[in-house]
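Each remark here refers to the structure printed beneath this line.
All values reported here derive from a predicted model rather than from experimental measurement. Scope of the values below: all heavy atoms of this structure, side chains included, with no hydrogens, waters or symmetry mates.
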Amino acid sequence: MARYMIMVNYTAKGITNMKESPKGLHCVRTAIEEAGGKLESFYLTLGQYDAVSIADVRDDAKLAKVLLSTAAQGHVRTATMRAFDEAEYEQTIADL
């Protein structure tokens with residue numbers, strides 16, 4: 001499975017409905033699991049992003065579907081990066 005870092009910013013609608021955000025996180029976790037993945041962690045953060053999650057999912061398309069469905073509800077915007085673990089990094093460097 002591929003690992004992804006998902007950076008989250010709440011929209012005005014998300015801020016207005018902040019007390020409901022734990023339910024939204026639960027829904028995202030469930031959607032990722034239904035896509036065959038796992039939401040490894042979630043962090044409320046300070047700075048450029050309001051929250052950061054790490055997820056393992058089989059491929060880009062499955063995660064994109066989950067995140068687009070989530071964003072369509074209007075509570076958050078996301079920026080996502082594919083993350084390579086140390087072993088993947090070392091293999092990539094060895095292949096240069």
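- Across all non-hydrogen atoms, the minimal contact from R77 to T11 is NH1-CG2, 3.6 Å.
- Shown here for L44 and D50, the closest heavy-atom pair between the two residues is CD1-O, 3.2 Å.
- Looking at T78 and T70, their side chains never come closer than 4.5 Å, going by heavy atoms from C-beta outward.
- Judged purely by atom type and a 3.5 angstrom limit, R58 has no side-chain atom pairing as donor or acceptor with the backbone of M1.
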Audit row: E90, I93, side-chain contact (heavy atoms from CB on, under 4.5 Å) steps and yes/no:
CA-CA 5 Å; E90 289 177 357; I93 298 304; 5.8 Å; no
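- The two atoms that bring A55 and I32 nearest to each other are CB-CD1, 4.2 Å, heavy atoms only.
- Here the side chains of N17 and H75 are in contact, with some heavy-atom distance below 4.5 Å.
- Salt bridge annotation for R3-E40: present, with a cationic side-chain nitrogen under 4.0 angstrom from a carboxylate oxygen.
- When the side chains of ILVMFWY residues are joined at heavy-atom separations under 4.5 Å, either directly or via intervening members, M18 and M7 end up in two distinct hydrophobic clusters.
- No chain of hydrophobic side-chain contacts below 4.5 Å, direct or via other Ile, Leu, Val, Met, Phe, Trp or Tyr residues, connects V57 to V52.
- You'll find the side chain of K62 stays beyond 4.5 Å of the side chain of E34, heavy atoms only.
- To the nearest 0.5 angstrom, Y49 atom OH is 10.0 Å from M5 atom CE.
- Other residues, nucleotides and ligands contribute over 12 non-hydrogen atoms within 6.0 Å of the CG atom of L96.
- At least one donor-acceptor pair closer than 3.5 Å links the side chain of E88 to the backbone N or O of D85.
- Both V28 and Y10 belong to a common hydrophobic cluster when Ile, Leu, Val, Met, Phe, Trp and Tyr are linked at side-chain heavy-atom distances under 4.5 angstrom.
- A distance of 8.0 Å separates CD of E33 from CG of L39, quoted to the nearest 0.5 Å.
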Where do K13 and E20 land on the salt bridge (Lys or Arg N to Asp or Glu O under 4.0 Å) test, with the steps shown first?
CA-CA 11 Å; K13 182 177 178 182; E20 301 299 317; over 6 Å; no
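- Separating the CZ atom in F42 from the NE2 atom in H26 is a distance of 14.5 Å, to the nearest 0.5 Å.
- In this structure, the separation between CD1 on I6 and CG on L67 is 5.0 Å, given to the nearest 0.5 Å.
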For D60 and Y4: C-alpha separation, side-chain torsions, deciding distance, then whether side-chain hydrogen bond (donor to acceptor under 3.5 Å, both in side chains) applies.
CA-CA 9 Å; D60 295 345; Y4 301 86; 2.5 Å; yes
